Amino acid sequence: MISSLRGQVQHVGLDHAVVEVGGVGFAVQATPTTLAGLRRGEEAALATTLVVREDSLTLFGFADAEARELFGLLQTVSGIGPRIALATLAVLEPDKLRHALAEGNITVLTQVPGIGKKGAERLIIELRDKVGQLPTPTTPAHSQTRDHVVEALLGLGFPAKAAEQTVDSVLADNPDQSTAAVLRRSLATLGRK
């Protein structure tokens, strides 16, 4: 198993980099965030994991061991392979992913291409306890209100990013509002845009 690489970066592509170690160039699949931190000609150190398939050996690289561990954990869920696990880490930072799993936030998880509502529910059920309970900056009622209102706005056809930003700004003004009040104010704000 190849668990890390340290060497000179020979090439950086859209979805991979080539790192030369001891005269051998290793192609490493990585997230855009990880690739953005690599510079051609400079030395780089990556935490890696080797995925062995019947027809291929694929090396995946990460900026740190935490992302590598999450990558492996995601693949323990039925229907989540290395490509979707990597896409998940490309869309969600490790902390945001951990919080989404711990809170059961389906809206955040479905932002990942290839993960629908059922897949997000499966991820939450299987990984919630494994990622550990993290302290959240919001109270549970506040988080629940936010999730309900964002889901309602998505059901009405508003884009996820606009819905989340609007609900967050409405809740920032007065976090103790009822779900109905937050929905009314969010709709009013989105209607003006």
Side-chain angles (χ1 to χ4, degrees), residues 3-6 9 12-17 19 28-39 42 44-51 58-77 79-117 119-140 142-147 149-151 153-154 158-169 171-172 175:
S3 63
S4 68
L5 287 179
R6 178 182 301 275
V9 178
V12 179
L14 294 175
D15 62 349
H16 73 284
V19 179
V28 182
Q29 302 292 313
T31 65
T33 306
T34 302
L35 293 171
L38 302 177
R39 299 285 175 262
E42 292 183 7
L46 295 172
T48 61
T49 187
L50 180 65
V51 175
T58 308
L59 196 58
F60 292 88
F62 309 93
D64 55 36
E66 178 190 14
R68 178 182 61 200
E69 299 308 316
L70 278 172
F71 177 78
L73 189 61
L74 286 166
Q75 291 180 79
T76 64
V77 176
I80 305 293
R83 296 288 176 202
I84 292 179
L86 191 65
T88 303
L89 291 170
V91 173
L92 304 172
E93 294 292 323
D95 285 342
K96 189 172 182 180
L97 175 59
R98 285 182 185 275
H99 281 288
L101 291 168
E103 294 174 356
N105 193 334
I106 292 173
T107 306
V108 171
L109 294 172
T110 55
Q111 292 174 353
V112 177
I115 296 181
K117 186 174 180 179
E121 289 170 348
R122 193 168 47 247
L123 279 169
I124 291 166
I125 289 168
E126 294 188 29
L127 300 181
R128 175 180 271 164
D129 296 332
K130 292 180 182 178
V131 297
Q133 294 298 327
L134 302 172
T136 57
T138 59
T139 62
H142 177 227
S143 176
Q144 194 173 32
T145 298
R146 180 190 185 278
D147 292 345
V149 174
V150 168
E151 270 189 60
L153 293 171
L154 292 175
F158 289 100
K161 188 173 183 178
E164 289 175 352
Q165 289 173 345
T166 302
V167 172
D168 288 342
S169 69
L171 284 170

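The structure presented is a predicted model; accordingly, all values stated were derived computationally and were not measured.
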Hey, does the side chain of R68 reach the backbone of S3 with a donor-acceptor pair shorter than 3.5 angstrom?
yes

Are the side chains of V51 and F71 in touch, meaning some heavy atoms are under 4.5 Å apart?
yes

Enter the distance from E69:CD to T49:OG1 here, rounded to the nearest 0.5 Å.
8.5 Å

Tell me, do T110 and L154 make a side-chain contact under 4.5 Å, heavy atoms counted?
no

How close do L74 and L97 get, counting heavy atoms only, and between which atoms?
CD1-CD2, 4.0 Å

Stepwise, does the side chain to side chain contact (heavy atoms under 4.5 Å, CB included) test hold for N105 with R146?
CA-CA 10 Å; N105 193 334; R146 180 190 185 278; 4.0 Å; yes

Smallest heavy-atom separation, A44 atom then L38 atom, equals CB-CD2, 3.5 Å

CZ/R122 to CD1/I80 distance, rounded to the nearest 0.5 angstrom?
6.5 Å

pair V28-T34: side-chain heavy atoms closer than 4.5 Å:
no

State, to 0.1 Å, how close A30 and G61 come at their nearest heavy-atom pair, and which atoms those are.
CB-O, 3.6 Å

Closest approach of I106 and A120, non-hydrogen atoms and distance?
CG2-CB, 4.0 Å

Is the closest side-chain heavy-atom distance between D147 and T107 below 4.5 Å?
no

So V9 and E42, side chain to side chain contact (heavy atoms under 4.5 Å, CB included) or not? Walk me through it.
CA-CA 6 Å; V9 178; E42 292 183 7; 5.7 Å; no

Which distance, rounded to the nearest 0.5 Å, do you find between the CG of L171 and the OG1 of T145?
7.0 Å

Any chance you could measure E93, atom CD, to E66, atom CD, to the nearest 0.5 Å?
9.5 Å

T76 side chain to L73 main-chain N or O, any donor-acceptor pair under 3.5 Å?
yes

Rounding to 0.5 Å, atoms CD (E164) and CZ (F158) come to a distance of 14.0 Å

Nearest non-hydrogen partners of L89 and T31, listed with the distance:
C-CG2, 3.9 Å

Point-to-point distance, once rounded to the nearest 0.5 Å, from OG1 of T88 to CD of Q111
11.0 Å

Heavy-atom closest contact (P32 atom, A90 atom, distance):
CD-CB, 3.8 Å

I would like to know whether L86 and D15 meet side chain to side chain contact (heavy atoms under 4.5 Å, CB included); could you show each step before the answer?
CA-CA 10 Å; L86 191 65; D15 62 349; over 6 Å; no

Pairwise side-chain contact, I124 with E121, heavy-atom cut-off 4.5 Å (strictly under):
no

Test L92 against L109 for side chain to side chain contact (heavy atoms under 4.5 Å, CB included), laying out the working first.
CA-CA 8 Å; L92 304 172; L109 294 172; 4.1 Å; yes

